[in-house]
Q: 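Dropping the structure in here first, questions after.
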Amino acid sequence: MPAVICVVGQKNVGKTALIERLLPELVARGRRVATIKHDAHDFEIDIPGKDTWRHRQAGSRTTIIASSSKVAMVRLMEREAELEELLRLVEPSYDLVLIEGFRRSPLPKILIHRPEAGKESPAILGDVWAVVTEEETDIARSAPRFRPDDVAGLVDLIEQRLLGGPAQASAWNLPALLAEAGRQHGHLCPGQVLGVRMAILGCERLGIPDPKSSKRVVVFVETDRCGADAVQTVTGCTLGKRTLKFMDYGKLAATFLDTKTGRAVRICARESAREAAQRFAPEEPDPHRAQLRAYKALPDDELFTVQEVRVELSETDLPGRPRRRVTCERCGEAVSDAREVSAGGRTLCRACAGGSYYAPIQERVRKEARS
Ligand SMILES: [Zn+2]
Ligand SMILES: [Zn+2]
């Protein structure tokens with residue numbers, strides 16, 4: 001779960017402005033930050049006349065609007081939401097939630113203090129971790145003082161106290177990924193090690209350090225053996241999400257496509273990697289164990305070839321809802337995503353059009369075949 005801190009203070013002391021200054025500094029330090037704002041008045045976010053407003057006027061209690069880059073939700077409440085409920089709406093992968101307001105919550109707080117803005121209620125002062133002020137004040141005496149422009153100092157404090165120190169340079173944690181791949185696949189085999197390293201290399205070459213959260217990667221795997229599972233573990237791409245495409249080439253290779261930029265790299269395990277493993281661990285009698293050790297340690301260019309490639313991903317192969325859905329005129333089964341075939345003026349599924357991988361043995365179908 002993300003860490004949470006509230007920015008509090010009297011009206012018009014500059015809470016929003018401070019959050020606006022903290023955000024770029026946190027983002028520059030590699031943090032993913034969400035914000036929540038409390039509004040004492042009944043805010044209006046729906047524009048009268050717009051579709052979502054019309055939905056709500058007609059009786060919808062929760063209206064969600066979604067585009068390819070944003071989602072917004074307006075939900076009518078019987079009572080004011082608890083802060084915990086709001087925090088549950090933030091994805092757990094975030095580092096920090098900055099909250100504007102909610103002064104009475106027992107969470108850590110940054111208090112912006114201006115004497116002329118009025119007295120602070122003593123009830124909130126116990127959780128104040130920092131006081132932002134231009135003047136000397138004895139409010140929340142034990143908390144450190146920061147000038148309003150000392151953004152770096154405030155973010156240092158947030159990192160030290162809430163985020164476990166400065167962010168680590170983003171590095172792939174190979175041992176952790178191998179352990180995870182072994183768990184998901186059922187055993188840690190040389191194929192898992194090569195698959196994990198291949199996926200890391202692919203994402204590195206695309207400049208995507210967080211394939212699971214960025215959701216930009218589509219992978220074409222050319223094998224249905226061990227390595228394919230490892231690629232799935234590292235990238236989070238799956239067949240069901242349509243972000244993993246199986247190309248039945250019988251090769252330990254995969255192409256990593258950045259759907260945002262269109263860039264793609266194809267990575268293939270070198271045949272010579274097997275001999276390299278023997279050379280790496282000549283004292284190891286078991287080639288399987290030699291490979292396990294070598295594939296963890298050998299440099300990328302001894303294990304893989306890398307090519308920049310171009311991949312066309314058609315509309316009907318993209319993640320998201322099916323673009324098209326038809327019914328086979330012979331078997332009556334539904335076919336999504338333009339996988340149907342036109343034959344003799346009829347729309348058929350691939351099985352009915354011929355070359356099915358299965359042969360029906362039921363009585364009904366046999367009769368049909370005779371007629
Ligand atoms: Zn395996
Ligand atoms: Zn059919």
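Each ligand, and each atom within it, is numbered from 1 in the order the structure gives. Both backbone and side-chain heavy atoms feed into the values below; hydrogens, waters and symmetry mates do not.
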Q: May I ask you to list the protein N, O or S atoms found at less than 2.8 Å from the Zn ion (ligand 1)?
A: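 Listed by chain and number: His185 NE2, His187 NE2, Cys189 SG, Cys226 SG.
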Q: For the pair Lys15 (side chain) and Gln10 (backbone), establish whether a donor and an acceptor sit closer than 3.5 Å, ignoring hydrogens and angles.
A: yes
Q: Does this structure show an ion pair linking Lys109 with Asp127, if we count only N-O contacts that are shorter than 4.0 Å?
A: yes
Q: Under a 4.0 Å threshold between the charged nitrogen and the carboxylate oxygen, would Glu340 count as salt-bridged to Arg346?
A: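 A salt bridge is absent here (no side-chain N lies under 4.0 Å from a carboxylate O).
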Q: Please go through Met77's hydrophobic cluster and name the other residues, only I, L, V, M, F, W, Y counting, with side-chain heavy atoms under 4.5 Å joining them.
A: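 Taking Ile, Leu, Val, Met, Phe, Trp and Tyr as members, Met77 stands alone, with no cluster partners.
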Q: Where the side chain of Thr223 meets the backbone of Ala228, is there a donor-acceptor pair that is under 3.5 Å apart?
A: no
Q: Quick one: do Arg197 and Glu204 make a salt bridge, cutoff under 4.0 Å?
A: no
Q: Compute the angle centred on the Zn ion (ligand 2) spanning SG of Cys352 and SG of Cys328, and express it rounded to 10 degrees.
A: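 About 110° at the Zn ion (ligand 2).
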